[in-house]
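The next block holds one structure in the form of structure tokens; read it before the comments.
Remember, it's a predicted structure, so these values are computed and weren't measured experimentally. The sequence lines fix the lettering, A, B, ..., with proteins before strands; numbering per chain opens at 1.
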There are 2 protein chains.
Amino acid sequence: MTARHEEIADELRQAIDREEYTVGSLLPAETDLAARYGVSRGTVRQAVAALTAEGLIGSRQGARRVVLASRRSQSFAELRSFAQWANAMGREATGHVVSQEYHPATKEDAVRLQLSAGTPVLHVLRVRGLDGEPVLLERTVYADWISPAVESIEADCASVTQRLYEDTGLVFAYGEHVIDAVSAGAQDADLLGIRRTSPLLRVRRVTTTREGRPVEWSDDRYRSDAVSFSVHNSIDNNALARKTAD
Amino acid sequence: MTARHEEIADELRQAIDREEYTVGSLLPAETDLAARYGVSRGTVRQAVAALTAEGLIGSRQGARRVVLASRRSQSFAELRSFAQWANAMGREATGHVVSQEYHPATKEDAVRLQLSAGTPVLHVLRVRGLDGEPVLLERTVYADWISPAVESIEADCASVTQRLYEDTGLVFAYGEHVIDAVSAGAQDADLLGIRRTSPLLRVRRVTTTREGRPVEWSDDRYRSDAVSFSVHNSIDNNALARKTAD
DNA sequence: CAGTGGTCTAGACCACTGT
DNA sequence: CAGTGGTCTAGACCACTGT
């Protein structure tokens, strides 16, 4: 059951991809689109708002909407899970656990995961790859209440997110990410097959449930020659996506 | 003249900042908010959609909205202009042009700026700082039609965006950014006062007008110890912001 | 089950654009 | 000036949540 406004958004995206509306041209007026799709103006506005958020079209009061780009930014779905993103790109996600052990929660762990210092939490070091090529190193700390479920996952599981959803119903709903750059350390270089001091794109993140409860926090390091992030933005809006090297 | 839904969004943000609604607690129902502010449900939905986009609150059908965070992400305004962002942080933006010269547009320039190869375009190398400390190196190529206006700006102008708006009415409306990490080269290291091979956060971007016309493209390199990017996201939405080192 | 957010309608008025 | 997108209303129905 997809909503009508999502169907319309999809049809417009495809029309832009097919170059029925070319980059730089004007989209039909809201009232025309409403008549064409047999819906009210409000529903059309919901649909075009999605395309605007993706950076495909721009708008300003009084003038018709402009088509800005034809390539679709895949927004968040693929940022949420490395495996989902890889699949959407037509590449195979691989994963391998290097080490997995319990440590008492430090003060930092306790603050980020909203639990008491000293609670045993699971630390996992995971190498992730695209078509077998290592591109990402994840150093993740899981909250105590989810640690047992994570511990029982096999070492080469391709999608931990998917597995946790199947096993426990857990959904990763919200994330807070900080992106910067670091030099590869000895372990980074070794596991990613690159030279020491190579530049890496680092993403430190905290993921929470739908209810706002922290599940994990992680230091993720991407090989900068393999992955980048792209951002569309406008005065009102912006959208982030993960990209592979061209 | 601010719209009512923006006023309500502001009041809700402030209430969350004041901890009238604490992180993890539930927001009042839409109908209650509508009654409280004397508006229709649609207007309340427009207001809370803004907070959702900023990552402050989460929502799902059937359950009340959850407060996820109290710190506001400043979304795009400060990403658009380095100077505007610095000012919003209470820091002083500085700028200095290192070199400025015309070159015939390469094929890459021509594609990105939508003009003919060989057209003379202005290349500007600019060091930008926070409170006098250099943190960003911009290598920018301007389209031919705006180059003369850029050329006449004084070398230590703090906000080129602001100046171009005042002089020509030009508004930077949309941007496409690609973020990755690189090692500092000799010139990077020299101008930013860091060691060679230090990791830098690189942002390559194309900026366009409201009509979708490309204005400039740039290779921006940030000192990773001084600036990072933060992203809030959810299943439906995400928002990027620039952050200084803590 | 009552309450809640998601979707959708059909109308209205206004600020802004572009000719 | 006519046309357009931005704002807002007052109603309706439904899927989902939580007790």
Side-chain angles (χ1 to χ4, degrees), chain A residues 1-12 21 24-53 56-68 169-171 173-174 209-213 234-237, chain B residues 1-12 21 24-53 56-68 169-171 173-174 209-213 234-237:
Chain A
M1 206 47 241
T2 37
R4 190 77 183 99
H5 70 86
E6 287 178 7
E7 289 175 8
I8 294 171
D10 261 340
E11 291 187 42
L12 290 174
Y21 305 121
S25 69
L26 300 176
L27 221 58
E30 287 179 1
T31 45
D32 292 346
L33 290 172
R36 180 179 313 179
Y37 291 111
V39 298
S40 74
R41 221 186 118 207
T43 302
V44 168
R45 286 184 62 81
Q46 252 187 301
V48 296
L51 304 213
T52 304
L56 291 186
I57 60 178
S59 71
R60 47 187 178 136
Q61 193 178 56
R64 294 250 295 283
R65 290 185 170 79
V66 194
V67 179
L68 293 172
L170 180 70
V171 173
Y174 306 107
T209 65
R210 283 167 167 160
E211 293 80 21
R213 193 178 185 195
S234 72
I235 292 168
D236 307 311
N237 208 299
Chain B
M1 203 50 239
T2 38
R4 190 78 184 99
H5 70 86
E6 287 178 6
E7 288 175 8
I8 294 171
D10 261 340
E11 290 186 43
L12 289 173
Y21 305 122
S25 70
L26 301 176
L27 221 58
E30 287 179 1
T31 44
D32 292 346
L33 289 172
R36 180 179 312 179
Y37 291 111
V39 297
S40 75
R41 222 186 117 205
T43 302
V44 168
R45 286 183 62 80
Q46 251 186 301
V48 296
L51 303 212
T52 305
L56 292 186
I57 59 178
S59 72
R60 48 188 177 137
Q61 193 177 58
R64 293 251 295 282
R65 290 186 170 79
V66 194
V67 179
L68 293 172
L170 180 72
V171 173
Y174 306 107
T209 64
R210 283 168 166 161
E211 293 80 22
R213 192 178 186 195
S234 72
I235 292 169
D236 307 313
N237 209 300

| request: Nearest whole angstrom, please: distance from the C1' of dT4(D) to the CD1 of I57(A). | output: 14 Å

| query | Hey, are the side chains of V171(A) and T209(A) touching, using non-hydrogen atoms and a 4.5 Å cut-off? | reply | no

| field | N/O (side chain, Q46(B)) to phosphate O (OP1/OP2, dT7(D)) under 4.0 Å | value | yes

| query | Counting any heavy atom closer than 4.0 Å, what does R41(B) reach on the DNA or RNA strands: base, sugar-phosphate only, or nothing? | reply | base

| request: Let me know the distance between CG of L33(A) and P of dG5(D), rounded to the nearest Å. | output: 8 Å

| Could you state the CZ-P distance from R45(B) to dC8(D), rounded to the nearest angstrom? | 15 Å

| Nearest nucleotide by nearest heavy atom, which residue falls closer to the 5' end of DNA chain D, G62(B) or V44(B)? | V44(B)

| query | Is there a side-chain contact between Y37(B) and R4(B), using heavy atoms and a 4.5 Å cut-off? | reply | yes

| note | When A63(A) and Q61(B) are each assigned the nearest nucleotide of DNA chain C, the 5'-most assignment goes to Q61(B)

| query | Starting at CD of E211(B) and ending at P of dT17(C), how long is that distance when rounded to a whole Å? | reply | 10 Å

| said: Rounded to whole Å, please give me the gap between CD in E6(A) and P in dG6(C). | reply: 12 Å

| query | Between T43(B) and dT9(D), is there a side-chain N or O to OP1/OP2 distance below 4.0 Å? | reply | yes

| said: Could you walk me through whether Y21(A) and L56(A) satisfy the side chain to side chain contact (heavy atoms under 4.5 Å, CB included) test, starting with their C-alpha distance in whole Å, then the side-chain angles of each, then the deciding distance to 0.1 Å, before giving a yes or no? | reply: CA-CA 11 Å; Y21(A) 305 121; L56(A) 291 186; over 6 Å; no

| message | Does dG11(D) have its OP1 or OP2 closer than 4.0 Å to a side-chain nitrogen or oxygen of S40(B)? | response | no

| query | Using purine N1 to pyrimidine N3 plus N6-O4 or O6-N4 for Watson-Crick, or N1-O2 and O6-N3 for G-U wobble, both under 3.5 Å, which nucleotide pairs with dC16(C)? | reply | dG3(D)

| field | Residue whose nearest DNA chain C nucleotide is more 5′ - R64(B) or V39(A) | value | R64(B)

| remark: Rounded to whole Å, the CD-P distance (E7(A) to dC8(C)) equals 8 Å

| task | Return the value, rounded to whole Å, for the distance between atom CG of L27(A) and atom P of dG6(D). | result | 12 Å

| said: Regarding R4(B), tell me which of base, sugar-phosphate or nothing describes its non-hydrogen contacts under 4.0 Å with the strands shown. | reply: sugar-phosphate

| message | Is there a side-chain contact between R64(A) and L27(A) in this structure, where contact means two heavy atoms from C-beta onward sitting under 4.5 Å apart? | response | no

| task | Calculate the interatomic distance between Y37(A) atom OH and dT7(C) atom C1'; express it in whole Å. | result | 18 Å

| message | So, OP1 or OP2 of dG18(D): does either fall under 4.0 Å of a side-chain N or O from R60(B)? | response | yes

| field | Any R65(A) side-chain nitrogen or oxygen under 4.0 Å from OP1 or OP2 of dG6(D) | value | yes

| task | Before giving the answer on side chain to side chain contact (heavy atoms under 4.5 Å, CB included), spell out for E30(A) and R65(A) the whole-Å C-alpha distance, their side-chain angles and the decisive distance to 0.1 Å. | result | CA-CA 9 Å; E30(A) 287 179 1; R65(A) 290 185 170 79; 3.1 Å; yes

| request: Searching all strands shown, indicate the nucleotide that pairs with dT9(C) (Watson-Crick or G-U wobble; both distances under 3.5 Å). | output: dA10(D)

